[in-house]
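Below is one structure; the comments refer to it alone.
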Amino acid sequence: VQLQAYGGGLVQAGGSLRLSCTVSISSFRFRAMGWYRQAPEKKREMVAQISSSGRTNYSDSVKGRFTISRDNAKKTVHLQMNSLKPDDTAVYYCNDAPPNIAWGQGTLVTVSS
């Protein structure tokens, strides 16, 4: 199983980015999926989750600014990030929820002030 996250980059505070993650697993449509992030010298934390039926859940720090979605046909999960803040700077990863798959490399998001 491979998790390939992409779409990160450098953005100014207040800007937007859209992350995507492709998941090479046949049971993708039956799995709850999540986005996670790890900032320098901090523990990895859950950012957003989406169930197999499309129900979503967000951490308080991103609620109202981030939106998670999924495309089962393409085995892809997305994270639309708006109103970005410097505190959002981190490496972002996708995994199932709770995380059971070996972590991929993630994608770096840097938000400048």
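Expressed to the nearest 0.5 Å, how far CG of L17 lies from CD of Q80 amounts to 8.5 Å. In this structure, CD1 on I101 lies 5.0 Å from CG on L3, to the nearest 0.5 angstrom. The distance from the OG1 atom of T110 to the CG atom of L10 is 6.0 Å, given to the nearest 0.5 Å. Taking CG of L19 as the start and OG1 of T107 as the end, the distance is 6.0 Å to the nearest 0.5 Å. Taken to the nearest 0.5 Å, the OG atom of S52 stands 10.5 Å off from the CZ atom of F28.
By the 6.0 Å contact criterion, CD on Q4 is open, its count of non-hydrogen atoms from other residues, nucleotides or ligands being 12 or less. For K63, the NZ atom sits in a packed shell: over 12 heavy atoms of surrounding residues, nucleotides or ligands are nearer than 6.0 Å.
Closest heavy-atom contact between A13 and S113: CB-CA, 4.3 Å. Taking both residues in full, the closest heavy atoms of N95 and M33 are given as O-CE, 3.2 Å, listed atom of the first, atom of the second, then distance. Between S16 and S83, the shortest heavy-atom contact is OG-N, 4.4 Å. Residues V77 and C94 come closest through the heavy atom pair CG1-CB, 4.1 Å. Closest non-hydrogen pair, T76 versus H78, comes out as CG2-CE1, 3.5 Å.
In this structure, W103 is not a member of the same hydrophobic cluster as I68, with clusters built from ILVMFWY side-chain heavy atoms closer than 4.5 Å. Two different hydrophobic clusters hold L108 and V62 under the rule that ILVMFWY side chains link at heavy-atom gaps under 4.5 Å. Residues L79 and V91 fall into different hydrophobic clusters, defined by Ile, Leu, Val, Met, Phe, Trp and Tyr side chains chained together at heavy-atom separations under 4.5 Å. Transitive grouping of hydrophobic side chains (ILVMFWY, heavy atoms separated by less than 4.5 Å) brings Y93 and M46 into a common cluster. Grouping the Ile, Leu, Val, Met, Phe, Trp and Tyr side chains by contacts below 4.5 angstrom, directly or via other members, places V109 with Y58.
Put simply, the side chain of F66 reaches to within 4.5 Å of the side chain of L84, judged on heavy atoms.
Evaluation of the side-chain hydrogen bond (donor to acceptor under 3.5 Å, both in side chains) test over residues 23-37, restricted to residues two or more places apart or in two chains, returns S27-R31, R31-D96, R37-E45, R37-S61, R37-D88, R37-Y92. Among residues at least two apart or in separate chains, there is no disulfide (SG to SG under 2.5 Å) pair with a member in residues 55-86.
Remark: side-chain polar atoms of Y6 are not paired, donor with acceptor, to backbone N or O of T22 under 3.5 angstrom. N72 contributes no side-chain N or O that, together with a main-chain N or O of R70, makes up a donor-acceptor pair within less than 3.5 Å. Side-chain N or O atoms of N57 include none that pairs as donor or acceptor with a backbone N or O of Q49 at under 3.5 Å.
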